Amino acid sequence: MANSKLGSDVVDRLLDKLSTDDQFRSDFQNNPRAALNSVGGSDAECGECMQTKNLASKAQFQQSRQVFRDSLLGESSQRIFSLEAK
């Protein structure tokens, strides 16, 4: 994710929306690129996050926010990342 070009402000807005906003979550599942653009991530390339079929719940985003944030900012030791629920 280090090549995602997502700034910390964009990541924070994305995670805020994914953890609270039902309409944004629906928009993200239908068209991730457009949803990401709406929070300022117009140049982002994040691969797997653009192919989410089973988006993590709002509660999962809230509980694991720092893990998601670190991964989206490329600060995680793990390179493979998904916004999906397991």
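The structure presented is a predicted model; accordingly, all values stated were derived computationally and were not measured. Basis for what follows: all heavy atoms, side chains included, without hydrogens, waters or symmetry-related copies.
A 4.5 Å side-chain heavy-atom check between Val10 and Leu72 finds every atom pair outside the cut-off. Looking at heavy atoms from C-beta onward, Arg65 lies in side-chain contact with Asp12 at the 4.5 angstrom threshold.
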Verdict with supporting geometry, Phe68 and Leu14, side chain to side chain contact (heavy atoms under 4.5 Å, CB included): CA-CA 10 Å; Phe68 285 122; Leu14 174 63; over 6 Å; no

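Taking every heavy atom of both residues into account, Leu6 and Leu73 meet most closely at O-CD2, 3.5 Å. Closest approach of Pro32 and Gln29 over heavy atoms only: CD-O, 4.3 Å. The two residues Ser8 and Arg69 have their closest heavy-atom pair at CB-NH2, 3.4 Å.
By the salt bridge (Lys or Arg N to Asp or Glu O under 4.0 Å) test, Arg13 pairs with Asp9, sequence neighbours left out. When the side-chain contact (heavy atoms from CB on, under 4.5 Å) test is applied to Asp21, the partners found at least two apart in sequence or on another chain are Lys17, Gln23, Phe24. Scored by the side chain to side chain donor-acceptor pair (under 3.5 Å) test, Asn31 finds no partners at all (sequence neighbours excluded). Annotation: side-chain contact (heavy atoms from CB on, under 4.5 Å) contacts of Gln62 (sequence neighbours excluded): Ser19, Thr20, Lys58.
In this structure, CD in Gln66 is found 10.0 Å from OG in Ser71, a value given to the nearest 0.5 Å.
Side-chain atoms of Ser26 do not come within 3.5 Å of backbone N or O of Asp22 as any donor-acceptor pair.
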